[in-house]
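Quick notes on the structure that follows.
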Protein chains: 2
Amino acid sequence: MKRTSLAGDECPIARALDVFGDWWSLLIIRDAMLGRRRFGEFQASLGLAKNILTTRLRTLVERGILTTVPAADGSAYQDYVLTPKGRGLFPIMVALRQWSEEFDEHPEEIGTILVDRDKGKPVRKLALYSQDGRLLSAADTMMKPRPKPRRRVVA
Amino acid sequence: MKRTSLAGDECPIARALDVFGDWWSLLIIRDAMLGRRRFGEFQASLGLAKNILTTRLRTLVERGILTTVPAADGSAYQDYVLTPKGRGLFPIMVALRQWSEEFDEHPEEIGTILVDRDKGKPVRKLALYSQDGRLLSAADTMMKPRPKPRRRVVA
DNA sequence: CCATCTGGTTTAATATTGCAACCACACAAG
DNA sequence: CTTGTGTGGTTGCAATATTAAACCAGATGG
């Protein structure tokens, strides 16, 4: 019945999904990264029901991904803009995009590419490196339990 | 009322979400990356309803993320293992993890860290580079329409 | 001031999810 | 061969979520 919450999970992936892992949130965030700010813009772009948009925007604000600011055009309405926490989702968006570019069954249907603003050339694939600069594949990594933070004695 | 499909969308992010953007799929994939293979392992680990797990495993197989193979222990059952397409989701997992590590309200609740197998040290943050090797932030990038593929004349 | 736009809320129908019960098969012990 | 147990599901029902559509109040625009 009720969708199980992942908020208390110790897995950081589950915790992230708990914040924006529903059907629409990431698409709203994507639109926000493309510069959309207004309720109506999101609704027109995504074509989702307005009540759903209302609740999604509200929870994204609650969770610190978006904030509301006075509308840029001076009207009495408000704009929804990304917080730093929201802008921090950019690498996730890039990773999702690159996965589709590499594995989608119909890549010819993909309409856009991500380029660097300076040269207009496609960006490189995201890459994972070790502290000492070696390129790492999944097989070169492993999980370790998080070390307990050193407890500082309160004077 | 049916959940709107994003399959035909031209946005690669939407297309990716259409494949694994529901509540459980990414967690199943995460478990598969941790080496879990059996129905019962997933069910015990995730605590989701068995009927939901059944349908999720089926659609992940349909979509080429998982395949079934004869069980490793020689029993008559089957294992679910990642395909290359599924293993390709690794950077997305890393990006999700690193976002939580950076922005989670309660990072002390995160139980694990990702380290390189060789040295046991935490990995670097995922980074995006231009073709010519410059480190790129979101602001250094932009979207371009995908160039039409050059149509090759069929001999 | 009248009409329309914006940003929602409400309502009712439909879909999805979750839980619990059930079930068939494989396997093992007796 | 017969009973018991674990695995990997299916089925049914109740609870919840999503949707489209109608509605509405305040802002805006002519």
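Within every chain, numbering begins at 1; the chains are lettered A, B, ... in the order of the sequence lines, protein sequences first and strands thereafter. Note: hydrogens, waters and symmetry copies are ignored here, and every other heavy atom, side chains too, is used.
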Look at the side chain of B/Asn51 and decide which nucleotide, out of D/dT19, C/dT17, D/dT11, has an atom nearest to it. D/dT11
List for me each residue that meets side-chain hydrogen bond (donor to acceptor under 3.5 Å, both in side chains) alongside B/Glu109, sequence neighbours excluded, and say none if there are none. A/Arg15
Residues 61-68 of chain A, side-chain donor-acceptor partners within the protein, below 3.5 Å, at least two apart:
{"unit_1": "A/Arg63", "atom_1": "NH1", "unit_2": "A/Asp18", "atom_2": "O", "d": "2.9"}
{"unit_1": "A/Arg63", "atom_1": "NH1", "unit_2": "A/Val19", "atom_2": "O", "d": "3.0"}

Check the distance between D/dT19's P and A/Leu46's CG and give it to me in whole angstrom. 11 Å
With sequence neighbours excluded, what pairs up with B/Thr141 under the side-chain hydrogen bond (donor to acceptor under 3.5 Å, both in side chains) test? none
What is the distance, to the nearest angstrom, from the CG atom on B/Leu48 to the P atom on D/dG8? 14 Å
Please enumerate all residues that pass side-chain hydrogen bond (donor to acceptor under 3.5 Å, both in side chains) together with A/Asp140, with sequence neighbours excluded. A/Ser137
Mind running a 4.0 Å heavy-atom check of residues 10-34 of chain B against DNA chain D and sending the residues that fall below it, in number order? none
Out of the candidates B/Ile28, B/Asn51, B/Leu27, only one should pair with B/Arg56 under the side-chain contact (heavy atoms from CB on, under 4.5 Å) rule; please name it. B/Ile28
Between CG of B/Leu53 and P of D/dG8 the distance, given in whole Å, is 10 Å
Nearest-angstrom distance from the residue atom CD1 of A/Ile52 to P of C/dA15: 15 Å
Taking salt bridge (Lys or Arg N to Asp or Glu O under 4.0 Å) as the cut-off, I'd like each qualifying pair that reaches into residues 24-34 of chain B, sequence neighbours left out, listed once. B/Asp31-B/Arg36
Between A/Glu41 and A/Arg37, does any side-chain N to carboxylate O distance fall below 4.0 Å? no
Can you give me the N/O atom pairs linking the protein to nucleotides 1-8 of chain C at distances under 3.5 Å, or say none if there are none?
{"unit_1": "C/dG7", "atom_1": "OP1", "unit_2": "A/Arg38", "atom_2": "NE", "d": "2.4"}
{"unit_1": "C/dG7", "atom_1": "OP1", "unit_2": "A/Arg38", "atom_2": "NH2", "d": "2.8"}
{"unit_1": "C/dG7", "atom_1": "OP2", "unit_2": "A/Gly40", "atom_2": "N", "d": "3.2"}
{"unit_1": "C/dG8", "atom_1": "OP2", "unit_2": "A/Tyr80", "atom_2": "OH", "d": "2.8"}
{"unit_1": "C/dG8", "atom_1": "N7", "unit_2": "A/Lys50", "atom_2": "NZ", "d": "2.6"}
{"unit_1": "C/dG8", "atom_1": "O6", "unit_2": "A/Lys50", "atom_2": "NZ", "d": "2.4"}

NA contact type, A/Ala76, heavy-atom cut-off 4.0 Å: base, sugar-phosphate, or nothing? sugar-phosphate
Applying side chain to side chain contact (heavy atoms under 4.5 Å, CB included), name anything that partners A/Glu102, two or more places apart in sequence or on another chain. A/Lys125
Atom CD of A/Gln43 and atom C1' of C/dT9 are separated, to the nearest Å, by 14 Å
Any pair with a residue in residues 10-57 of chain B that passes ring pair (Phe, Tyr, Trp, His ring centres under 6.0 Å), sequence neighbours left out, goes on the list, sorted by first then second residue, please. A/Trp99-B/Phe20
Return the set of residues passing ring-ring contact (aromatic ring centres under 6.0 Å, His included) with A/Tyr77 (not counting sequence neighbours), or none when no residue passes. none
Of all of residues 64-71 of chain B, which get a heavy atom below 4.0 angstrom from DNA chain D, listed by number? none
Under the side-chain hydrogen bond (donor to acceptor under 3.5 Å, both in side chains) test, residues paired with A/Gln98 that sit two or more places apart: none
